[in-house]
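All remarks here apply to the structure that follows.
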Protein chains: 2
Amino acid sequence: MTGRPTLAVVGATGGVGAVMLQILSQHADVWGDIKLLASPRTAGTKLSVRGVETEVEALTEEALRGVDVAVFLVPDDVAARWAPLAAAGGTVVVDGSGAFRGDPEVPLVVPEVNAHAARTRPRSIVASPGCTTLSLIVAVGALHAEFGLRELVVSSYEAVSAEGQEGVDALRRQTALVANTKLGTHPGDVRRAVGEATGPFPAPLALNVVPWSGALREDGWSSEEMGIRAETRKILGLADLPVTATCVRVPVVTAHSASVHARFEQEITVERAHETLATAPGVVLFDNPAAGDFPTPADVVGTDPTWVGRVRRTLDDPRGLELFVCGDNLRKGAALNSAQIAEAIAAELSA
Amino acid sequence: MTGRPTLAVVGATGGVGAVMLQILSQHADVWGDIKLLASPRTAGTKLSVRGVETEVEALTEEALRGVDVAVFLVPDDVAARWAPLAAAGGTVVVDGSGAFRGDPEVPLVVPEVNAHAARTRPRSIVASPGCTTLSLIVAVGALHAEFGLRELVVSSYEAVSAEGQEGVDALRRQTALVANTKLGTHPGDVRRAVGEATGPFPAPLALNVVPWSGALREDGWSSEEMGIRAETRKILGLADLPVTATCVRVPVVTAHSASVHARFEQEITVERAHETLATAPGVVLFDNPAAGDFPTPADVVGTDPTWVGRVRRTLDDPRGLELFVCGDNLRKGAALNSAQIAEAIAAELSA
């Protein structure tokens, strides 16, 4: 390769694609050409990136020719089909979908935690984790590096934009349907008000929480819960780490939160955890309940870091820690992490 | 005492008081006279109980004379002052406030779990637990009786009506303020829309979740989190049980939920947990994710039982179990539990 690498954003017209174009316009520019690719249906659309109107092309093998790095922000099935084709043509693929996260020949990378892993990519594919894992792994990874993680128990509070525009539209419609009423006090009244407008969710979300996200797996687990376990183990390189997660959808537009109970090899104090988190890259420590400082989705949406608050030492275990973490599921939870991986690869290719 | 006992409902004009009057009208009638007491400010109000219009009297020592059982549904400071006065006059007090829950001479009772404890009451006071403990303790108590509880990790999803009418009004006002807009995608937009209308909460709740409930205690813990630990230990008679809780407020009007990670002395299977829960009094097992069956606040509001779903065996621990529980914080979480205790005492006094 001579000069700066060429980047393709595959899935440029989707919700995460839009955030990616914002990020590319904001970050230090390491790219030569940037190609925007999408399904033939949306090809021809013009989108702005780095201040330049750019026409979206249909995703074809021809369009991928000469692309050094392609970031895939598309559904699993599209990635499963097209990422290997791109890789075969000499492109390094950064895949934001779930298609390759479990593949032992595909590294799963969070640059603040395991940047080195992106350098070994037998299939020329690097995967980015799911948004719920990404909401907690930067903070948990920093604590692991210092104290040695031994166990993780996670309960999530997941925003609707993880289900795309359809999820956002459903919550907005439902919120309008339940607003200005006395709903929420009698059995069935929220269901009646929301009617068929549940969107991609298995129950109403306005004035409700729904203990389900993802697809059904064995023994009552959801794919999202299994994903948090498998991804955390792979990113931290702890193949046998006990991880248990319960995933719950909440009526929040964007920004995932999680309540995290972590047990470490070493004894831990709030003071030492604060020190570690305050200096960890990609983390903002926001933890002073006396002043009302703890992260909430409404405050962190649109920002890059993982916000951490409510840090407490487990009362019955000097090795245990409780945290509440919050992060934008479209930024660090999707587009930003993929952009960071792609930029690291660009630096490697340009070196 | 001759004939049926006289009951006083103290705090009859409040939100939980209203639910108590409903319950008294629905349950088998074990009472002689029912007196309704409240602050002098609301005395004179007429409320219906057992189909009879009853005038609310001011809470005075005179009004408590001849009362066999008084259920207190009032703030901690009112209960702290008046419950001992009532007890000194010969009344058995069932206190729904937090004033006496930690008192070693006051039993803390959930009839499905430790009914026997209500019979020993050195101060003539019996306390009812807080609403978050009550959202999970009936299910957890049934599992403990069978498998021997060894550890509990709880993350809550708490409804606003636990903060009274002020909490409900705040969420309704906020929901109206954010409805029909594109809010929730940019930092600060929910805060701007909600403005000063946060009500009793430290941050906006519409389109948000807030990792705080209760008052600040030592080392960053909230009173609600400490309460779950102390109350669970006392009710189950497990003084050293490791319990850790993170309490989070969600934009739900009524019905608390909790994600529960429990570790037992014995190995456990989902099948055996299901058997135990399906036959436990006060529990409804609603657990078939393939059919979309899991409890949500919107579905359980207004009902008496604790609903349990998402039952899974912890993948890395044959002694561990994950649950999602849901219950009405005004019924079992407040008025119903107090009514059940009072009715058990009525039976004892009448025997």
Side-chain angles (χ1 to χ4, degrees), chain A residues 153 155 157 175-176 178-180 183-187 190-191 202-204 207-212 216 219-222 229 242-244 246 248 250-254 257 259 261 270 287 289-290 292 294-303 309-317 320 322 324, chain B residues 153 155 157 175-176 178-180 183-187 190-191 202-204 207-212 216 219-222 229 242-244 246 248 250-254 257 259 261 270 287 289-290 292 294-303 309-317 320 322 324:
Chain A
V153 179
S155 295
Y157 302 72
T175 302
V178 302
N180 296 309
L183 297 175
T185 319
H186 296 292
V190 167
R191 283 222 184 243
L207 301 182
N208 206 18
V209 301
V210 178
W212 190 261
L216 183 60
D219 299 323
W221 293 90
S222 74
R229 181 165 174 264
V243 179
T244 196
T246 294
V248 179
V250 295
V252 165
V253 176
T254 296
S257 310
S259 163
H261 167 74
V270 169
D287 186 21
F294 32 71
T296 81
D299 294 318
V300 317
V301 61
T303 69
R310 302 298 330 279
V311 180
R312 290 148 292 154
R313 186 162 86 166
T314 310
L315 285 163
D316 306 302
D317 182 357
E322 318 297 322
F324 188 79
Chain B
V153 179
S155 296
Y157 302 72
T175 303
V178 302
N180 296 307
L183 297 175
T185 318
H186 296 291
V190 166
R191 281 221 185 242
L207 302 181
N208 206 17
V209 301
V210 178
W212 191 262
L216 182 60
D219 300 323
W221 294 91
S222 74
R229 181 164 173 265
V243 179
T244 196
T246 294
V248 180
V250 295
V252 165
V253 177
T254 296
S257 308
S259 164
H261 168 72
V270 169
D287 187 20
F294 31 72
T296 81
D299 294 318
V300 317
V301 60
T303 70
R310 302 299 326 281
V311 180
R312 291 147 292 152
R313 186 162 85 166
T314 310
L315 285 162
D316 305 303
D317 182 356
E322 318 297 322
F324 188 80

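What you see is a predicted model; the values in this text were computed from it and never measured. Quick note on labels: first sequence line is chain A, next is B, and so on, each numbered from 1.
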If you count heavy-atom pairs under 4.5 Å between each of [options] and chain B, which one has the most?
{"options": "Val311(A), Val250(A), Asp299(A)", "answer": "Asp299(A)"}
{"options": "Ser222(A), Gly320(A), Gly309(A), Pro242(A)", "answer": "Pro242(A)"}
{"options": "Thr296(A), Asp287(A), Val300(A), Val210(A)", "answer": "Thr296(A)"}

- Message: Could you go through Asp219(A) and Val270(B), starting from their C-alpha distance and side-chain angles, then the distance that decides it, and tell me whether this counts as side-chain contact (heavy atoms from CB on, under 4.5 Å)?
- Response: CA-CA 8 Å; Asp219(A) 299 323; Val270(B) 169; 5.8 Å; no
Checking [X] against chain B: side chain, backbone, both or neither under 4.5 Å from a heavy atom?
{"X": "Asn208(A)", "value": "both"}
{"X": "Ser257(A)", "value": "side chain"}
{"X": "Ala290(A)", "value": "both"}
{"X": "Pro202(A)", "value": "side chain"}

Taking C-beta and beyond as the side chain, do [X] and [Y] meet within less than 4.5 Å on heavy atoms?
{"X": "Arg312(B)", "Y": "Thr246(A)", "answer": "yes"}
{"X": "Trp221(A)", "Y": "Pro289(B)", "answer": "no"}
{"X": "Val301(A)", "Y": "Val253(A)", "answer": "no"}

At a heavy-atom separation under 4.5 Å, does [X] approach chain A through its side chain, its backbone, both, or neither?
{"X": "Arg229(B)", "value": "side chain"}
{"X": "Val209(B)", "value": "both"}
{"X": "Thr244(B)", "value": "side chain"}
{"X": "Thr314(B)", "value": "both"}
{"X": "Leu216(B)", "value": "side chain"}

- Which word best sums up how the rings of Trp212(B) and Phe294(A) line up, parallel for under 30°, tilted for 30 to 60°, or perpendicular for over 60°? parallel
- Is a side-chain N or O of Arg310(B) found less than 3.5 angstrom from the main chain of Pro211(A), in a donor-acceptor match? yes
- Note on the structure: Value for OG (Ser155(B)) from CZ (Phe324(A)), rounded to nearest 0.5 Å, stands at 9.0 Å
